[in-house]
2 protein chains.
Amino acid sequence: MTNHYMALRDSLARRIAVKEMVPGTKLPSERILHSEYDMARGTVREALFQLEAEGLIYRRDRSGWYVSQTPIIYDPTRWAGFMTYVAEQGRVPTTKTLSKTTETVPDAAGVFDSSPDQSFHVIRRRRAIDGHPVLIERIVVHPDIAPGLLAHDLDQSLTQVLKTDYGVSVARNQVTMRPCSLVRDEAAALGVKPGTPGFMVERTSFSADGKIVEYDHEYWRRDAFVISFDLSVV
Amino acid sequence: MTNHYMALRDSLARRIAVKEMVPGTKLPSERILHSEYDMARGTVREALFQLEAEGLIYRRDRSGWYVSQTPIIYDPTRWAGFMTYVAEQGRVPTTKTLSKTTETVPDAAGVFDSSPDQSFHVIRRRRAIDGHPVLIERIVVHPDIAPGLLAHDLDQSLTQVLKTDYGVSVARNQVTMRPCSLVRDEAAALGVKPGTPGFMVERTSFSADGKIVEYDHEYWRRDAFVISFDLSVV
DNA sequence: GAGTGGTCTAGACCACCTT
DNA sequence: AGGTGGTCTAGACCACTCA
């Protein structure tokens with residue numbers, strides 16, 4: 001290709017590859033690239049969109065473009081909760097509770113096989129790696145499983161709280177992951193532009209006796225992880 | 001949001017959701033949308049890019065925009081080869097061999113722990129679901145494992161050929177998946193625009209005695225699948 | 001308040017697909 | 001040959017971040 005925007009893409013990709021620009025580095029502004037590379041600003045933006053789609057850079061709304069952090073390795077077969085998992089890779093996980101409420105949840109009725117009037121504990125949290133927010137989640141827990149759950153400090157591992165304080169542990173996870181785009185709340189909470197590519201993870205956790213322990217929606221930044229696992233053939 | 005392009009996005013997304021436009025339907029051309037919705041063509045394209053990132057539509061280079069096919073469910077824990085797997089979901093898998101050669105493969109030397117001069121069997125194939133190409137792959141096999149492999153018909157399950165004709169079966173897979181963008185060969189073979197979002201899957205298959213059976217790179221269309229699995233906690 | 005990205009316009013020409 | 005998307009230009013103004 002001899003496209004202008006691909007030329008700029010390649011130039012920036014190389015500067016990232018050789019670590020002239022490391023994770024977290026702010027790229028030159030669009031107008032500076034526009035004058036340095038002598039192409040229209042719209043063309044500069046095409047190059048940046050390309051790099052964003054590849055997961056090499058991301059944008060903070062109206063702040064600038066930045067080199068993406070090193071992704072964590074997401075191994076669904078070894079998943080042991082965010083806090084454990086991230087720490088095992090030598091990174092620093094943090095959690096911030098955004099809200100905790102008890103309310104009806106239209107899309108949970110089908111999952112829990114309950115009446116539409118049923119109220120649930122709903123917890124919204126933001127989780128970060130090395131101080132960089134990577135996902136927000138909405139967790140739905142049936143109050144019968146964990147009465148008074150919301151009184152606890154939930155900036156820690158929920159898995160841990162449920163096990164220690166309620167004697168409930170997870171025996172099985174049902175997980176679905178699909179590409180999405182991060183909009184409104186999700187984008188705002190993660191500090192990225194609405195429409196940024198993301199990944200939606202829907203997780204239903206069951207206890208050994210088949211009860212639903214939690215029903216979870218997670219919205220991840222797409223550049224935050226790669227999926228990797230090792231698997232014996234059955 | 002009251003953005004023009006988000007309004008158009010929402011309008012088109014709704015028409016897809018209510019099945020006014022079904023998978024495979026060609027969208028109105030950009031210029032028609034431009035005049036119907038009375039916004040600049042660049043703004044129309046922003047809406048289309050948004051829908052593409054969400055996996056709802058895709059483009060065939062210089063042909064038009066189309067509603068994406070229903071994704072298949074990719075369950076890494078049940079993976080039994082493309083042909084088996086797709087058929088189990090009531091869809092029709094096909095495979096076309098693009099090339100088969102014996103050559104040196106720079107990036108395979110590290111994986112096989114062999115000399116850079118080592119030649120391998122290299123197979124390139126394109127695989128489709130219901131007639132729609134969804135991935136291309138490059139498979140690398142050590143000739144000692146399967147001498148004369150390239151003489152076989154490879155438009156079928158390679159797993160099957162290796163098992164039946166060479167007595168080699170896969171006991172373990174090491175898999176890594178990451179977002180990428182489909183460029184040059186990949187995009188051309190899949191009939192999508194270079195730069196279309198994709199997923200790269202790198203797979204190393206081992207036999208029971210720990211030998212590498214195949215080393216595989218797959219480039220998937222990102223809208224072709226969702227990942228879903230059911231998993232017991234260890 | 002200066003600088004940044006976000007949105008939008010109104011063109012132009014090109015490369016390629018389709019018929 | 002006509003239509004499509006692909007690329008590119010040169011502006012403009014807005015909403016927001018940051019110092």
Side-chain angles (χ1 to χ4, degrees), chain A residues 1-12 24-53 57-68 133 181-184 187-197, chain B residues 1-12 24-53 57-68 133 181-184 187-197:
Chain A
M1 293 280 211
T2 58
N3 294 345
H4 292 185
Y5 80 89
M6 283 304 277
L8 174 53
R9 187 223 84 99
D10 292 344
S11 169
L12 293 172
T25 303
K26 184 174 184 172
L27 271 63
S29 79
E30 295 177 1
R31 284 169 179 85
I32 288 177
L33 292 172
H34 146 69
S35 62
E36 276 183 1
Y37 285 82
D38 194 32
M39 55 182 78
R41 189 174 149 224
T43 306
V44 168
R45 282 170 65 79
E46 271 185 279
L48 296 170
F49 295 157
Q50 185 67 43
L51 290 164
E52 180 188 45
I57 65 175
Y58 68 98
R59 40 181 153 174
R60 298 229 311 268
D61 204 357
R62 268 163 264 260
S63 162
W65 295 85
Y66 299 82
V67 178
S68 292
S181 77
L182 304 170
V183 295
R184 281 172 289 276
L190 295 176
V192 299
K193 191 215 157 268
T196 294
Chain B
M1 291 280 210
T2 59
N3 293 346
H4 292 186
Y5 81 88
M6 284 304 277
L8 174 53
R9 185 224 86 99
D10 292 344
S11 169
L12 294 172
T25 302
K26 185 174 183 171
L27 270 63
S29 78
E30 295 176 1
R31 284 168 179 86
I32 288 178
L33 292 171
H34 147 68
S35 61
E36 276 183 0
Y37 285 83
D38 194 33
M39 54 182 78
R41 191 175 147 222
T43 307
V44 168
R45 283 170 65 79
E46 271 185 278
L48 296 170
F49 295 157
Q50 186 67 42
L51 290 163
E52 180 188 46
I57 65 174
Y58 68 98
R59 39 182 154 175
R60 299 228 311 270
D61 203 358
R62 268 165 266 259
S63 161
W65 294 85
Y66 299 82
V67 179
S68 293
S181 78
L182 304 171
V183 296
R184 282 171 288 276
L190 294 176
V192 298
K193 190 215 156 267
T196 294

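Order of the sequence lines sets the chain letters (A, B, ...), proteins ahead of strands, with each chain counted from 1.
Within the 4.5 Å cutoff, side-chain heavy atoms of B/Leu190 are placed close to those of B/Leu182. Contact annotation: the side chain of A/Trp65 approaches that of A/Glu30 to within less than 4.5 Å [non-hydrogen atoms, C-beta and beyond].
As a whole-Å value, the separation of A/Arg62 CZ from D/dC16 C1' is 5 Å. Whole-Å rounding puts the B/Leu33 CG to D/dG3 P distance at 17 Å. The nearest whole Å value for the distance from the NE2 atom in A/His34 to the C1' atom in D/dG11 is 10 Å. Regarding A/Asn3, its CG atom lies at a distance of 11 Å from the P atom of D/dT9, rounded to whole Å. Atom pair B/Tyr37:OH and C/dT9:P shows a separation of 15 Å (rounding to whole Å applied). Across the protein-nucleic acid pair, A/Trp65 atom CH2 and D/dT17 atom P stand 16 Å apart, rounded to whole Å. For B/Lys193 and C/dC16, the NZ to C1' distance is 14 Å, given to the nearest whole Å. Atom pair A/Glu52:CD and C/dG5:P shows a separation of 13 Å (rounding to whole Å applied).
Closest-nucleotide positions on DNA chain D for A/Met39 and A/Tyr66 were compared, and the one nearer the 5' end corresponds to A/Met39. Between A/Arg60 and A/His4, the residue anchored closer to the 5' end of DNA chain D is A/His4, taking for each the nucleotide with the nearest heavy atom.
Taking the ring axis of A/Tyr66 as reference, the NZ or CZ atom of A/Arg59 does not stay both within 45° of it and closer than 6.0 Å to the ring centre.
When the side-chain nitrogen and oxygen atoms of A/Tyr5 are compared with OP1 and OP2 of D/dT7, one or more of them lie within a distance under 4.0 Å. Contact between the side-chain N/O atoms of B/Ser63 and the OP1/OP2 oxygens of C/dC16 is not found at any separation under 4.0 Å. Distances shorter than 4.0 Å separate some side-chain N or O of B/Arg59 from OP1 or OP2 on D/dG6.
Interface remark: the A/Arg31 side chain does form a donor-acceptor pair with the C/dG5 base, using a distance-only criterion of under 3.5 Å.
B/Arg41 comes within 4.0 angstrom of a base, heavy atoms only. Contacts of B/Arg45 with the nucleic acid, taken as non-hydrogen atoms under 4.0 Å apart, include base atoms.
Here the closest heavy-atom approach between residue B/Gly64 and residue B/Lys26 is recorded as CA-CE, 4.0 Å.
Between the side chains of B/Tyr37 and B/Ser11, at least one donor N or O lies within less than 3.5 Å of an accepting N or O.
If you check D/dT7, D/dG6, C/dC8 against the side chain of B/Thr43, the one that comes closest is C/dC8.
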